[in-house]
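A quick write-up on the structure given underneath.
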Amino acid sequence: MTTKNEEGLMPQYGVLVYMPAPGDPMKISPEYEAALERYPAQVEELGGRGVAGYALQPSTTATSVRGGDFVTDGPFIEAKEVIAGFFILEAPDLDVALKIAKLNPVYLDGGGVEVRPLFVPPAE
């Protein structure tokens with residue numbers, strides 16, 4: 001069953017893609033690259049739709065700002081995994097979004113994903 005909101009749209013989910021640090025998009029394995037090419041068709045087969053997706057530069061290029069004026073080179077924390085990219089996914093429901101997330105090829109390079117529903121403010 002497809003769940004739609006008042007505007008007739010499917011729910012949207014933010015999918016955060018984690019890779020081992022520094023998460024360099026130019027250093028993914030050939031298997032991962034080939035699987036990425038197949039991924040959009042798999043998403044559609046499950047009833048989802050990718051809305052937008054972005055890869056990030058390696059975490060070594062990050063600049064962090066805290067407290068409004070404290071600026072440092074690097075990410076907020078040193079981590080074994082970093083956010084390497086993200087995409088917005090439309091899916092009928094969370095169960096389908098999770099099925100799609102489980103097919104993400106980042107697992108081939110030792111990474112993982114996090115799925116979160118996008119915030120929708122309550123109707124007034």
Side-chain angles (χ1 to χ4, degrees):
M1 178 175 91
T2 300
T3 306
K4 295 191 177 187
N5 63 18
E6 292 174 3
E7 292 82 33
L9 302 173
M10 286 191 288
Q12 292 186 333
Y13 301 88
V15 181
L16 305 174
V17 179
Y18 290 84
M19 292 181 70
D24 189 338
M26 297 302 294
K27 295 187 177 177
I28 62 174
S29 68
E31 295 83 11
Y32 181 15
E33 189 171 350
L36 275 176
E37 291 178 17
R38 295 187 302 271
Y39 192 55
Q42 293 173 311
V43 170
E44 286 187 28
E45 285 174 17
L46 288 172
R49 182 177 80 86
V51 176
Y54 303 92
L56 300 175
Q57 292 288 337
S59 62
T60 54
T61 67
T63 303
S64 299
V65 179
R66 290 195 183 254
D69 61 353
F70 184 69
V71 179
T72 60
D73 289 338
F76 278 127
I77 59 171
E78 292 293 322
K80 291 181 181 180
E81 288 187 335
V82 295
I83 297 176
F86 62 94
F87 63 97
I88 305 300
L89 170 69
E90 283 185 344
D93 56 40
L94 181 59
D95 289 337
V96 173
L98 293 173
K99 286 179 185 175
I100 290 168
K102 289 176 183 178
L103 293 175
N104 191 292
V106 73
Y107 304 114
L108 297 172
D109 280 4
V113 299
E114 177 180 334
V115 178
R116 290 193 205 178
L118 293 187
F119 176 74
V120 177
E124 293 185 36

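Index from 1, following the sequence.
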Who else is in I88's hydrophobic cluster (ILVMFWY, side-chain heavy atoms under 4.5 Å, direct or via others)?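 V51, L118, which link up through side-chain heavy atoms under 4.5 Å apart, make up the rest of the cluster.
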Each residue besides I83 in its hydrophobic cluster should be listed here, by chain and number; the cluster joins Ile, Leu, Val, Met, Phe, Trp and Tyr at side-chain heavy-atom distances under 4.5 Å. L16, Y18, Y54, L56, F86
Partners of E44 by salt bridge (charged side-chain N to carboxylate O under 4.0 Å, His left out), sequence neighbours excluded?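 Once residues adjacent in sequence are excluded, E44 has no partner under the salt bridge (charged side-chain N to carboxylate O under 4.0 Å, His left out) criterion.
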For R49, salt bridge (charged side-chain N to carboxylate O under 4.0 Å, His left out) partners two or more places apart: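 Listed in chain order: E90.
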Quick check: closest heavy atoms across [X] and [Y], and the distance to 0.1 Å?
{"X": "E81", "Y": "G110", "answer": "OE2-O, 3.5 Å"}
{"X": "V96", "Y": "D93", "answer": "N-OD1, 2.9 Å"}
{"X": "Q57", "Y": "T61", "answer": "CB-OG1, 3.3 Å"}
{"X": "E31", "Y": "L108", "answer": "O-CD1, 3.7 Å"}

Whether D109 side chain and S29 backbone form a donor-acceptor pair below 3.5 Å: yes
Take L103 and L46 through the test side-chain contact (heavy atoms from CB on, under 4.5 Å) and record every step on the way to the result. CA-CA 10 Å; L103 293 175; L46 288 172; 3.6 Å; yes
Flag the pair P58 / P25 as yes when at least one side-chain heavy-atom distance between them is below 4.5 Å, and no otherwise. yes
Check whether any side-chain heavy atom of L89 lies under 4.5 Å from a side-chain heavy atom of V115, and answer yes or no. no
Residue pairs passing the salt bridge (charged side-chain N to carboxylate O under 4.0 Å, His left out) test where at least one lies in residues 112-124, sequence neighbours excluded: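 Applying salt bridge (charged side-chain N to carboxylate O under 4.0 Å, His left out) to every pair that reaches into residues 112-124, excluding sequence neighbours, yields E114-R116.
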L98-V43 co-clustered via ILVMFWY side chain contacts under 4.5 Å: yes
Does N104 have any side chain to side chain contact (heavy atoms under 4.5 Å, CB included) partners at least two apart in sequence or in another chain, and if so, which? V17, Y32, Y39, F87, V106, Y107, V113
